[in-house]
Structures are given as C-alpha cells and as structure tokens.
Amino acid sequence: MTVTHLDELEQIEMPDGFVWRPIRRPFGIQAFGVNAYSPREAGAQVVEEHTEKTLEHEEIYLVLRGRARFTVDGHEHEVGAGELVHISDPSLRRSAIGLTAD
C-alpha cells in the first residue's frame, strides 16, 4: 500500500502558468492517466483546451481546493472543492481556469 499527500507529488511547471502533478507515477499505475493541476494565481489556466478524440478517453476532474471554471462544449460551469466534472464524450472541447490560487 502507498499513501501520499497531494503536496508531496512531483511538481512540473507548465508554460501556461499552472503546475502539473502526475499522480500515477508514485503508485506505478499504468492502466489509466490521473493527474493534479493547480494554478499559481487566480485566473490561470489549469486544463488546456483540448478534446480526447484521438485516444477516445472519458475524463473526470475533481476540484480538491478552491474553485474552478470549466468550459465544456462552449458552456461554462463553476465548481468548488469536493465537486467532480465528468466528460463522457471524447469529442467535446474542454478547458478550465482556477478561480482561486493554490
């Protein structure tokens, strides 16, 4: 069994002004992707605009702290700590910004 805290994960600075924390690496998970992102400042990008058409993946995002604004298929959704965003259709464009800093 492995237990770790979000703050103990590797932190990779991304050029769009957010921090990527690959979650599966310390657990040796290879079957699916799971990551953590945190903004350096309010209004910063935390999920780059993209689709999952190439890999046909569903995605789920969990807001652990603060608030985020997700834009999915042109519709904005503001979510807070403890809320999940599930996107089942791989063709939908999605992105998110952190409304509060880490």
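One-based numbering along the sequence shown. Quick caveat: nothing in here was measured; it's all calculated off a predicted structure.
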All heavy atoms of A68 vs all of V63, minimum pair found to be CB-CG2, 4.3 Å
When rounded to the nearest 0.5 angstrom, what distance separates CD1 in I23 from CZ in R25? 11.5 Å
Indicate the atoms forming the closest heavy-atom contact of K53 with S91, along with that distance. CG-CA, 3.5 Å
Smallest separation among heavy atoms of E76 and T71, with atom names: CG-OG1, 3.7 Å
Taking the basic N atoms (NZ, or NE/NH1/NH2) and the acidic carboxylate oxygens, is any pair closer than 4.0 Å for E13 and R40? yes
Could you state whether I97 and V72 fall into the same hydrophobic cluster, counting links through intermediate Ile, Leu, Val, Met, Phe, Trp or Tyr residues with side-chain heavy atoms under 4.5 angstrom apart? no
If Ile, Leu, Val, Met, Phe, Trp and Tyr residues are connected whenever their side-chain heavy atoms lie under 4.5 Å apart, and connections chain through other members, are L6 and V79 in the same group? no
Establish whether L62 and V19 are linked, either directly or via other cluster members, by ILVMFWY side-chain heavy-atom contacts under 4.5 Å. no
Without swapping roles, check the side chain of R94 against the backbone of L92 for a donor-acceptor pair under 3.5 Å. yes
Tell me the closest heavy-atom pair linking A42 and L99, and the distance in Å. CB-O, 3.3 Å
A side-chain contact here means heavy atoms from C-beta on lying under 4.5 Å apart; do E59 and H86 qualify? no
What's the separation between atom CZ in R24 and atom CG in L9, rounded to the nearest 0.5 Å? 13.5 Å
For E58 and I60, what are the C-alpha separation, side-chain angles and deciding distance, and is it a side-chain contact (heavy atoms from CB on, under 4.5 Å)? CA-CA 7 Å; E58 291 183 64; I60 191 163; over 6 Å; no
Between H57 and E52, what is the shortest heavy-atom contact and its length? O-CB, 3.4 Å
Taking every non-hydrogen atom, the tightest pair across Q45 and D16: CB-O, 4.1 Å
Evaluate the ring planes of Y37 and F18, with Trp represented by its six-membered ring, and classify them as parallel (under 30°), tilted (30 to 60°) or perpendicular (over 60°). perpendicular
Could you please spell out the steps behind the side-chain contact (heavy atoms from CB on, under 4.5 Å) verdict for R69 and H77? CA-CA 6 Å; R69 181 180 302 121; H77 308 273; over 6 Å; no
